[in-house]
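To find a chain, count down the sequence lines: A is the first, B the second, and so on, and within it residues start at 1.
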Protein chains: 4
Amino acid sequence: MHASAKDGGTSEAPAGHGRGMRALVKGERRPGLGLREVDTPAVGPNDVLIRVLNAGVCGTDLHIWEWDHWAAGRLRPPVTIGHEFSGQIKRLGVETEAEGLLEVGDLVTAEGHIVCGHCRPCRTGNAHLCARTRIIGVDRDGAFADYIAMPATNVIPLKDISPDVGAVMDPVGNAVHTVLEGGDLTGSTVFVLGCGPIGCFAVGIARAAGASLVIASDLNPTRLEIATRMGAHVVLNASRDDVIARVLELTEGDGVDLVCEMSGHPTGHAQALASARIGGRVNLLGTPSRSTEVDFARDVIFKGLTLYGVTGRKMYSTWIAMQQLLKTAQFDPRPVITHRFPLEGIEEAIAVIKEGKAGKVILEIGT
Amino acid sequence: MHASAKDGGTSEAPAGHGRGMRALVKGERRPGLGLREVDTPAVGPNDVLIRVLNAGVCGTDLHIWEWDHWAAGRLRPPVTIGHEFSGQIKRLGVETEAEGLLEVGDLVTAEGHIVCGHCRPCRTGNAHLCARTRIIGVDRDGAFADYIAMPATNVIPLKDISPDVGAVMDPVGNAVHTVLEGGDLTGSTVFVLGCGPIGCFAVGIARAAGASLVIASDLNPTRLEIATRMGAHVVLNASRDDVIARVLELTEGDGVDLVCEMSGHPTGHAQALASARIGGRVNLLGTPSRSTEVDFARDVIFKGLTLYGVTGRKMYSTWIAMQQLLKTAQFDPRPVITHRFPLEGIEEAIAVIKEGKAGKVILEIGT
Amino acid sequence: MHASAKDGGTSEAPAGHGRGMRALVKGERRPGLGLREVDTPAVGPNDVLIRVLNAGVCGTDLHIWEWDHWAAGRLRPPVTIGHEFSGQIKRLGVETEAEGLLEVGDLVTAEGHIVCGHCRPCRTGNAHLCARTRIIGVDRDGAFADYIAMPATNVIPLKDISPDVGAVMDPVGNAVHTVLEGGDLTGSTVFVLGCGPIGCFAVGIARAAGASLVIASDLNPTRLEIATRMGAHVVLNASRDDVIARVLELTEGDGVDLVCEMSGHPTGHAQALASARIGGRVNLLGTPSRSTEVDFARDVIFKGLTLYGVTGRKMYSTWIAMQQLLKTAQFDPRPVITHRFPLEGIEEAIAVIKEGKAGKVILEIGT
Amino acid sequence: MHASAKDGGTSEAPAGHGRGMRALVKGERRPGLGLREVDTPAVGPNDVLIRVLNAGVCGTDLHIWEWDHWAAGRLRPPVTIGHEFSGQIKRLGVETEAEGLLEVGDLVTAEGHIVCGHCRPCRTGNAHLCARTRIIGVDRDGAFADYIAMPATNVIPLKDISPDVGAVMDPVGNAVHTVLEGGDLTGSTVFVLGCGPIGCFAVGIARAAGASLVIASDLNPTRLEIATRMGAHVVLNASRDDVIARVLELTEGDGVDLVCEMSGHPTGHAQALASARIGGRVNLLGTPSRSTEVDFARDVIFKGLTLYGVTGRKMYSTWIAMQQLLKTAQFDPRPVITHRFPLEGIEEAIAVIKEGKAGKVILEIGT
């Protein structure tokens, strides 16, 4: 149900920019991004046009900036970058308007995975695994721009949630998916292995879900400090602490009920499998760039472990849970947001992320 | 995502009927149905136009024919009746065509509940409970006609399933939902209480799901004979047999793991609660017209029972499971189909159902 | 695996009482209880002998005191009363000692349902539904005494949990079972209908489990005040408030995800069914003394509700979750404990409960 | 709850053998087994004494015969071998007799994992993962003998199941655990990778559970023939067929819903991960002797796979399901039983297994 190329929109016109707008575009097959004047996106009959207010900068954007192996194999320039955002509806496609469920002026965010809606995963609650997925800011134009057009079904209203928080619901959703997949955490023990923004969000989600003990590890003290602010009971510095020994010690020798593997590193995988209790669970979100040696007999079979690979956000049970946690302030992602830049500050934003000094960085694009 | 009123269709025109077609219409607020010449439906951009081949006659159609209390409160004539059907795609809306997932000529059936797609139930795998549901043949024009327009997302391809079987997938889906909700039935015991078409389908689904013992009851010997052909190990005639005593006897005094309550009668409810084993489950599909006295202490709390109310079909996990069972012939609904009539034979069709002589009755509308 | 009649115990003898001890005994088939000198219980090879420290007084004890219809039908005097307790192990049966898993001096509580261990419910995680269950203080001698003998498998160590809290783990476990059955509550809405001690515990458990909104109702202002102290976001006085209207208003018209029915009254049942959201769940623990009229079509089937009858505590997943919540102080039951009496004060204890002035009342028996 | 060393048994004495009996004993720390005259086992108060009728020879027994690295590290000779068996109760311990749930003369089999009953896994339905597990025929005396003493809680009555079938319920239970863990298989596709006895049993269990397509692979044509007799729709010879390509072809390019990994080989692991569909499941039972390279990004995370390590049988939900499947003949393991030998024929039994000519080999010990 991706947006069509033609313009079937109704209601008010995008204010102030005529037909042009600013956009951070990967224009050439080489490192960097360019701030360009481009056409405001066309609005298909099932789409909405959204004025972007805030947008989050993700590790994926860093890969695209650097034009690494993955980016070179996937992107087809020119493409506007950015997939985490919040904004305000400015225009509705004719079909969307006929439905009457969204309105011009609504503050919204959106699921950035645009899926087919017809395949078996889409039909069975696993649309996050649709093989025809097109990701905004990667496979089609994204959100580092004044406007973005989105299919109405992907749009999520921001009731009682502020736009800066709305701009990070995509990665918060990754954390929600990782933490809540596997059943009730009331009174349980959780180990978050890797404290990038998603790991730090995972710490807070685990607390909100009733975990009794949340342990977090990373090599970077700045990140561990953020994890502490998000509610980690114990943080381990993997460069100094014997991570596995400490996790076992903190759990009376048992290991934790749930490991959230956010590092994507073979060392992390080894720690994850050794830190999970007998009959426990390891949910893997960190994407490794190389393979890992696994001793299935010792680490999976005799322990009766369950491993689960996390992609995206469940469409849309993850979003429903997240909306509730955010609007009631049971979970507050703001301690993770450490830097804010205007759209023109993208180079600086990329720099603070590369230096390891940042939690989540957001762009302030519109108002 | 209901079809819009305007016509945005492309591809080939409906063959042979100009702009008119035959339809069984509830035209007046009184009993009966009229065979009329009406306009072929408009095809919105997200719709498909389907040439109807076969259609199933349901108890709901009987209520509409008779213009009972429920029908008078819900329908707004004129409306074309019928919600169970199969057919062939004749035309695609422009957006549907752009998606490229359905094609003119495809044999299809469809989920007849058209839902909003935006509410909490729709967003969490419970679209069958969407409060904005509009049902074809009830709230908008239905399938007892030469053509029907359906939103593309509701359309289900009939790969390796024949059109007469496709025409009964709506009630088969009710049975699948009732039987499979509650977990794996391998080696379990199931009691189907009420052997109308959905009950008879439920018998076959329970067998296909690996149940060890399937008991079925009804007052009507014709229906019990069909239940036997569908694989019931034991049938009980509720007018002669002590139903509860027999179920307990057949299960070594324990009662069954799952009761599928298809009668919608207080007597059925009492039998259902008494026939379920301690820790068992009662899934209720039969719609009662009056209330039931329940002894919650004795029958629910001390027994640790789970009760679940069944509405519609899960969208679309029920359909995915059903497609697999039908195309591999693990489940064959055809013994339940006892009568076939042309569109003009609707009065006769209604009559055989009222006489209690029929299993499922289908209309042969197109070829 | 009930305790055998003979004495196969080893280790130290019960200190200080010779072979006699104090016990509150239902000695005659009429109202009241007598404080008697009785033999210290025999310790079978699989048993432990426990010095009782604290014991909780339950509504069941009130029924026994008053010798109501239920009590007269079930108890066979003489029997020592009391089923909620904590204590210290004083002696181990020979088989228990050989196992080496419990030790003299351990502070413990115990599951009071003694089950067969061989039947289908016992074999499939549903021992709380074992038909051969014998309850201490009802079917065999209980805990309102200086000592009680318990099968070792029923004994639960009190690691980092104080004896007064240990004495109420039986009813806290009822609350845990009621609240946690039905899946993860993170970000959900819960309505606790009835604020006796178990209802008040349920409020706190729902908060600890990550519920976003916990509503509690009762007719008794004292109980509502305790519910507030346990963390209820909103309390409704059912004698004044329009309960259903208020629950719908607090949930934007949807109703709650989970209703915990603790009242056991037909009015409560009606409120429970009406207050649950479409696709929601009602867990019923309150034991009604008469039947309820249920409109299954409107209230269960069209709403797609799940109802579940709660008996006892899951053996032993409920206990494992509860231990974790108590030892980490995520859940603190102490605001519910309003009165403490010595063993001799039973008449006064019964009186404050009957007057509706009490939350949980505990007896201080040993030290 | 392991059997105590002393003899507290009651009822009739073991018939015919005085105090001695035959047993296959690993007496020395080197290859081979000796048929010896040993004492009939003592019967503790919670035990039963069973006259062994049939016993299954397992791969584990082969390891013990050969005295491989694992066996040398685990066994402490002298120990009687054998853990799969059926028999008849000859004597009850005093506590067991007092319970009245088992009787002299009952035909039974038993769960061979004797667990503590007090730890977290034991308390939460995961007793198969108890760290204190003692396995008969490995850690304590086993079933290749005229008599075996077992704790009563491990004993499973053989109602309507013949003793030769009863003798293989231990490995059938491994198959049940592997196939049924992960939810309902009705209409699903299953790939059993490795057709030793447990793999062949898994084929039949998957059929009984309602799978639409069961594919089996092995290198050994004899085993593939048995898999076909057990109901495999398609068998693949991994020495000739491109296994992954064929599985994808048979599933319209999707891969299967469930892979049962029974090979324990890195090549099998690679095939398992590549053969599972997006969002699918791999249950691993085959115990590898070395580690496997896993590309978590490609094979687990982006596919949203779930992996689960299978140990033993769930105590006792696996047994309950298995009893039902066997007594109703929905599942018949007998095509897998290819050879029968007397107790004295152990050397020949070991030989046919090593030659790869056998399915399941059973010993006929008593009558």
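- Put simply, of Thr292(A), Val282(A), Leu285(A), the one with the most heavy-atom pairs under 4.5 Å next to chain D is Thr292(A).
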Report task. For Phe302(A) and Leu129(D), run side chain to side chain contact (heavy atoms under 4.5 Å, CB included): C-alpha distance rounded to whole Å, both residues' side-chain angles, the deciding distance at 0.1 Å, then the answer. Result -> CA-CA 8 Å; Phe302(A) 295 148; Leu129(D) 298 172; over 6 Å; no
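- With a 4.5 angstrom heavy-atom cutoff, Arg277(D) touches chain A only via side-chain atoms.
- Heavy atoms of His269(D) lying under 4.5 Å from chain A belong exclusively to its side chain.
- The choice from Glu181(A), Arg290(A), Lys303(A), Glu293(A) that makes the most heavy-atom pairs within less than 4.5 Å of chain D is Glu293(A).
- Using a 4.5 Å heavy-atom cutoff, the side chains of Thr306(A) and Thr306(D) are in contact.
- Of all the listed residues (Val310(A), Thr287(A), Leu305(A)), the one sharing the greatest number of non-hydrogen pairs under 4.5 Å with chain D is Leu305(A).
- A side chain to side chain contact (heavy atoms under 4.5 Å, CB included) with Pro288(A) is found for one member of Ile301(D), Val300(D), Asp295(D) and no other, namely Ile301(D).
- Both the backbone and the side chain of Leu284(D) come within contact range of chain A, judged by heavy atoms closer than 4.5 Å.
- Counting heavy-atom pairs closer than 4.5 Å to chain D, the top-ranked of the candidates Val294(A), Thr311(A), Asn126(A), Asp299(A) is Val294(A).
- Inter-residue side-chain proximity for Leu307(D) and Tyr308(A) is flagged as unmet; no heavy-atom pair is nearer than 4.5 Å.
- With sequence neighbours left out, Glu84(D) forms a salt bridge (Lys or Arg N to Asp or Glu O under 4.0 Å) with Lys360(D).
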